[in-house]
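Scope of the values below: all heavy atoms of this structure, side chains included, with no hydrogens, waters or symmetry mates. Remember, it's a predicted structure, so these values are computed and weren't measured experimentally. By convention in this document, chain letters (A, B, ...) are assigned in the order of the sequence lines, proteins followed by strands, and residues within each chain are numbered from 1.
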There are 2 protein chains.
Amino acid sequence: MITIYTIFSAMRFSHQRETIRKIVNSTNSHPTADWVFSRAKRSIPKISLGTVYRNLKRLEKTGDLRTIYDGSIARYDWNTKPHDHLKCKECGDLMDVHLLDEGIRSDVKKKYKFAVDDVKMTIIGTCQKHK
Amino acid sequence: MITIYTIFSAMRFSHQRETIRKIVNSTNSHPTADWVFSRAKRSIPKISLGTVYRNLKRLEKTGDLRTIYDGSIARYDWNTKPHDHLKCKECGDLMDVHLLDEGIRSDVKKKYKFAVDDVKMTIIGTCQKHK
DNA sequence: AGTATATATAGTAATCATTCCTATTATTAT
DNA sequence: ATAATAATAGGAATGATTACTATATATACT
Ligand SMILES: [Mn+2]
Ligand SMILES: [Mn+2]
Ligand SMILES: [Zn+2]
Ligand SMILES: [Zn+2]
């Protein structure tokens, strides 16, 4: 008797992944993997950091979130629509803003013969809190 | 007999630092610390990687170069004037462009009450070589 | 509902870039 | 030339991220 199973791996449900997705979706703070990890431990005490990293990567691949780099460390953003960031060098906060319109993409194409996929902009400075 | 020396440390000349400065100044490729290290070894075979890092940091502080982050890894740029970058995701090349004018800085200030120090923009895409 | 199969996990080790530490070397004011 | 100390080489330590693996879990099929 022969049983045939699917050849290509399907993504299975996991409580860990769902928890991680909800955590990232619930904040505007662009959290680090470690922050997501400590939050996830509240509901899944035995979750491991590796699981957090693996699923954050997975969720990026499926388009549920995007990774942004703050200096050398990765932060995760539920907002996958094009937008920019204000980075406060006093408190480290990273805030969403929308500065670049669609026009700049076609500008770049014309000027530099470069196939544009994404435009990343971060404004470094000091936020209102510090004055 | 009492001898008084300066209390505050002055920066001394070092062949290592001069070599590192020249290496960074000689390329438009936005090299990594490791690339600078392997280049430096040609003229100073016993130079250590720690010395490269320490001096790159020092040279940034004195305004001789700036650090840019390509994902999570640091690259060094002799061009300290405001400019932007095209990042090719095929070959990894990072190229200089000038896209943002001064106007955008004052725009940000008006819109977001944020004291702007620097605007970092990277355009991700594919360069001419790949078609 | 029970079983088979493969995916996902926890826990831990490994990796990689970067920083730190320290005995020795090199620069520079006198 | 000497003394003071900044800078270095070499290696250890760190911190974020990834890789490995035995076990647990989800799910397709009886
Ligand atoms: Mn954002
Ligand atoms: Mn540049
Ligand atoms: Zn702030
Ligand atoms: Zn290219």
Problem set entry | Test item: B:Met11 and B:Arg58 side chains (from C-beta on) under 4.5 Å apart, heavy atoms | yes
Exercise. Residues two or more places apart in sequence or in another chain: which of them pass salt bridge (charged side-chain N to carboxylate O under 4.0 Å, His left out) with A:Asp64?
Worked result: A:Arg21
For this session: Supply the members, apart from A:Ile68, of the Ile/Leu/Val/Met/Phe/Trp/Tyr cluster built from side-chain contacts under 4.5 Å; use none for a lone residue.
Result: A:Leu94
For this session: Starting from P on C:dT19, measure out to CG on B:Asn55 and report it in whole angstrom.
Result: 13 Å
Exercise. Is B:Leu59 isolated, or which residues cluster with it under the ILVMFWY side-chain rule of less than 4.5 Å, directly or via members?
Worked result: B:Ile20, B:Ile23, B:Val24, B:Trp35, B:Val36, B:Phe37, B:Ile44, B:Ile47, B:Leu49, B:Val52, B:Tyr53, B:Leu56, B:Leu65, B:Tyr76, B:Trp78
For this session: With sequence neighbours left out, write down each residue that passes side chain to side chain contact (heavy atoms under 4.5 Å, CB included) with B:Asn79, or none if nothing qualifies.
Result: B:Asp77, B:Lys81, B:His83, B:Asp96
Problem set entry | Sub-4.5 Å side-chain heavy-atom contact between B:Met121 and A:Val119 | yes
Identify the pairs formed between an N or O of the protein and an N or O of nucleotides 17-20 of chain D at a distance under 3.5 Å, and give each distance.
unit_1	atom_1	unit_2	atom_2	d
D:dT17	OP1	A:Ala74	N	3.0
D:dT17	OP2	A:Tyr53	OH	2.3
D:dT17	O5'	A:Tyr53	OH	3.3
D:dT18	OP1	A:Lys57	NZ	2.3
D:dT18	OP2	A:Lys57	NZ	3.3

Problem set entry | Whole-Å gap separating P (C:dT12) and CZ (A:Phe37) | 12 Å
Exercise. Do B:Glu60 and B:Thr67 have a side chain donor and acceptor closer than 3.5 Å?
Worked result: yes
Exercise. Under the side chain to side chain contact (heavy atoms under 4.5 Å, CB included) test, which residues partner B:Lys129, sequence neighbours left out?
Worked result: B:Cys91, B:Asp93, B:Cys127
Exercise. Between A:Pro31 and A:Arg39, is any pair of side-chain heavy atoms under 4.5 Å apart?
Worked result: no
Exercise. Who else is in B:Phe13's hydrophobic cluster (ILVMFWY, side-chain heavy atoms under 4.5 Å, direct or via others)?
Worked result: none
For this session: With a 4.0 Å heavy-atom cut-off, tell me which residues in residues 13-22 of chain B come close to DNA chain C, sorted by residue number.
Result: B:Phe13, B:His15
For this session: Go through residues 40-48 of chain B and report each residue with a non-hydrogen atom lying under 4.0 Å from DNA chain D, sorted by number.
Result: B:Lys46, B:Ile47, B:Ser48
Exercise. Whole-Å distance between C:dT30 C1' and B:Arg12 CZ?
Worked result: 13 Å
Problem set entry | Under the salt bridge (charged side-chain N to carboxylate O under 4.0 Å, His left out) test, residues paired with A:Arg75 that sit two or more places apart | A:Asp70
For this session: Please report how far the helix from C:dA1-D:dT30 to C:dT30-D:dA1 bends, comparing the axis fitted to its first five pairs with the axis fitted to its last five, to the nearest 10 degrees.
Result: 40°
For this session: Determine, for B:Arg66 against B:Asp118, whether the closest basic-nitrogen to carboxylate-oxygen distance falls under 4.0 angstrom.
Result: yes
Seminar exercise, completed: A:Arg54 meets the salt bridge (charged side-chain N to carboxylate O under 4.0 Å, His left out) criterion, sequence neighbours left out, with none
